[in-house]
Amino acid sequence: MASEPVQTLAARLLGKQHLDSGEAHVLAKILARQPISRDAGDVADRHATFGDRLADRVAAVGGSWTFIIGFSLVLLAWMLLNSNVLTHWGLVFDPYPFIFLNLMLSTLAAIQAPVIMMSQNRQAAKDRLAASLDYEVNLRAELEILRLHEKLDQAITERLDRIIATVCVEPNEA
């Protein structure tokens, strides 16, 4: 349950009593005069497990041109060795149609695909966190603008009251 000052501020600025956790958090930070913005990447990284970080690294390597080019060179070398070079000495260990190579490629794909999907899920969670943090910052900015408008309206009203009081007092003095 939100504290009394938070409830008062919520009623004044938001016009409601029941707050979700994000709204209560924003209002509490306003009352404490503390900043609310946080980096979504830092927040997500603090909660990342070893598996999350490993999935991110595998996805970063597996989705790079360095990996694609390097892996293509390994495949080409494998096929050349097993079709031409090693045939002369009778040392071919995976002759055409390269069944062992196909097995290794299938195994790599079977392992790499779920790991990359884990990384994509983690990125989607980071995006949702970033959207939530952006909402908090936007709500804070909007509420602060409303508070500034209240202060300006109050200052203008007080000034007009002083002007009216001055104008009303002067004719009586004359």
For this session: Give the C-alpha distance, both sets of side-chain angles, the deciding distance and a yes or no for side-chain contact (heavy atoms from CB on, under 4.5 Å) between L143 and L14.
Result: CA-CA 8 Å; L143 294 177; L14 296 174; 3.6 Å; yes
How many angstroms lie between atom [atom1] of [X] and atom [atom2] of [Y], to the nearest 0.5 angstrom?
X: S83; Y: D94; atom1: OG; atom2: CG; value: 10.5 Å
X: I36; Y: H25; atom1: CD1; atom2: NE2; value: 4.0 Å
X: T157; Y: E150; atom1: OG1; atom2: CD; value: 11.5 Å
X: Q7; Y: K16; atom1: CD; atom2: NZ; value: 11.0 Å
X: D56; Y: I116; atom1: CG; atom2: CD1; value: 11.5 Å
X: T8; Y: L13; atom1: OG1; atom2: CG; value: 10.5 Å

Quick one: do [X] and [Y] end up in the same hydrophobic cluster if we chain Ile, Leu, Val, Met, Phe, Trp and Tyr together by side-chain heavy atoms under 4.5 Å apart?
X: L80; Y: L86; answer: no
X: V74; Y: L103; answer: no
X: W89; Y: V92; answer: yes
X: I111; Y: F67; answer: no
X: V85; Y: M79; answer: yes

Problem set entry | Residue pair E142 / N138, side-chain donor-acceptor N/O under 3.5 Å | no
Problem set entry | Other ILVMFWY residues reachable from V58 by side-chain steps of under 4.5 Å | F50, L54, V115, M118
Looking at [X] and [Y], what are the two nearest heavy atoms and their distance?
X: L27; Y: A10; value: CD1-CB, 3.6 Å
X: A48; Y: R53; value: O-NH1, 2.8 Å
X: D39; Y: L133; value: C-CD1, 4.3 Å

Exercise. When you check the gap from the basic side-chain N to the acidic O, do R147 and E144 get nearer than 4.0 Å?
Worked result: yes
Problem set entry | K29/E136 ion pair, N-O < 4.0 Å | no
Exercise. Are L81 and L91 close enough that some pair of their side-chain heavy atoms sits under 4.5 Å apart?
Worked result: no
Exercise. Quick one: does L105's side chain get under 4.5 Å of L75's, heavy atoms only?
Worked result: yes
Exercise. Can you tell me if E158 uses its side chain to pair, donor with acceptor, with the backbone of A155 under 3.5 Å?
Worked result: no
For this session: Taking S72 for its side chain and I68 for its backbone only, find out whether a donor-acceptor pair lies under 3.5 Å.
Result: yes
For this session: Dump the intermediate steps for side-chain contact (heavy atoms from CB on, under 4.5 Å) on V6 and L19, then the final yes or no.
Result: CA-CA 10 Å; V6 170; L19 304 173; 3.9 Å; yes
Problem set entry | With sequence neighbours excluded, residues passing side-chain hydrogen bond (donor to acceptor under 3.5 Å, both in side chains) with Q120 | none
Problem set entry | Trace of the side-chain contact (heavy atoms from CB on, under 4.5 Å) decision for K126 with D45 | CA-CA 9 Å; K126 268 187 189 179; D45 288 344; 3.9 Å; yes
Exercise. Are more than 12 heavy atoms from other residues, nucleotides or ligands located less than 6.0 Å from atom CE of M117?
Worked result: no
For this session: Inspect the surroundings of NE2 in H47 and state if more than 12 heavy atoms from other residues, nucleotides or ligands are less than 6.0 Å away.
Result: yes
Exercise. So which pairs with a foot in residues 90-113 pass ring-ring contact (aromatic ring centres under 6.0 Å, His included), sequence neighbours left out?
Worked result: W78-F93, W78-F100, Y96-F98
